[in-house]
A.B. asks: 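Structure incoming, see below.
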Amino acid sequence: MIEALPRREREVFETLCRLEAGTAAGVRAALSDPLSDSAVRTMLSRLETKGLVERTAGPDGFLYSPVQRTEAVAAGALKRMIDTFFAGSAASAATALLGLGQRLTPEEAAALERIIDKAVERKP
């Protein structure tokens, strides 16, 4: 469903997912290429109509939050990125991410090793 959203609606939705919850003003401020206040409110309303966003009254106005779990949205976005830029290869995507030069903590390295070991065991 998210893949079918127009680009700007998807950007608003993904920004809201990153924030986990926020007002229209908060979403607008977090956008990399801000829209007008009315445009953000319109897109949040459309997303609410599509069942992707819920709205609750808060002290600073309406508070919006994604209906879907952020992990599910992230997994879908990551799959699209892997399919688009890495020809469906998770290994190529992981190699590219690790090649960005950020150092891993020993805990992160151990977690990656465990995930790799499990993936190797699952081979058909």
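Quantities reported herein were computed from a predicted structural model and do not represent experimental measurements.
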A.B. asks: Within the structure provided, determine whether Leu5 and Lys50 are in side-chain contact (heavy-atom separation under 4.5 Å).
C.D. replies: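 The answer is yes, as the side chains (C-beta and beyond) meet within the 4.5 Å cut-off.
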A.B. asks: Please list, chain by chain and in numerical order, all residues satisfying salt bridge (charged side-chain N to carboxylate O under 4.0 Å, His left out) with Asp33, sequence neighbours excluded.
C.D. replies: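 With neighbours one apart ignored, the set is Arg8.
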A.B. asks: Enter the distance from Leu31:CG to Thr15:OG1 here, rounded to the nearest 0.5 Å.
C.D. replies: 4.5 Å
A.B. asks: With sequence neighbours excluded, give me every salt bridge (Lys or Arg N to Asp or Glu O under 4.0 Å) pair touching residues 88-105.
C.D. replies: none
A.B. asks: In residues 83-101, what donor-acceptor pairs under 3.5 Å come from side-chain atoms, sequence neighbours left out?
C.D. replies:
from, atom 1, to, atom 2, distance (Å)
Asp83, OD2, Lys79, NZ, 3.0
Thr84, OG1, Arg80, O, 2.8
Ser89, OG, Ser92, N, 3.0
Ser89, OG, Ser92, OG, 3.0
Thr95, OG1, Ala91, O, 2.8

A.B. asks: Answer with yes or no whether the hydrophobic clustering places Leu63 together with Phe13; edges join I, L, V, M, F, W, Y residues whose side-chain heavy atoms lie under 4.5 Å apart.
C.D. replies: no
A.B. asks: Does Thr49 have any side-chain hydrogen bond (donor to acceptor under 3.5 Å, both in side chains) partners at least two apart in sequence or in another chain, and if so, which?
C.D. replies: none
A.B. asks: Would you tabulate the side-chain donor-acceptor contacts of residues 109-116 under 3.5 Å, counting partners in other chains and residues two or more places apart, or write 'none'?
C.D. replies:
none

A.B. asks: Would you please test Val12 and Leu16 for side-chain contact (heavy atoms from CB on, under 4.5 Å) and show each step?
C.D. replies: CA-CA 6 Å; Val12 167; Leu16 183 61; 5.6 Å; no
A.B. asks: Measuring from atom CG of Leu19 to atom OH of Tyr64, what distance do you get when rounded to the nearest 0.5 angstrom?
C.D. replies: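 Rounded to the nearest 0.5 Å, the CG-OH separation comes out at 14.0 Å.
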A.B. asks: On a heavy-atom basis, which atom in Ala30 and which in Arg18 lie closest, and how many Å separate them?
C.D. replies: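 Reported closest heavy-atom pair: O-NH2, 3.2 Å.
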A.B. asks: Determine all donor-acceptor pairs shorter than 3.5 Å in which one atom belongs to a side chain in residues 35-48; sequence neighbours excluded.
C.D. replies:
from, atom 1, to, atom 2, distance (Å)
Ser36, OG, Ser38, OG, 3.3
Ser36, OG, Ala39, N, 3.1
Asp37, OD2, Arg41, NE, 2.9
Thr42, OG1, Ser38, O, 2.9
Glu48, OE1, Arg55, NE, 3.4

A.B. asks: Ignoring hydrogens and angles, tell me if any N or O in the side chain of Glu14 forms a donor-acceptor pair with the backbone of Glu11 under 3.5 Å.
C.D. replies: no
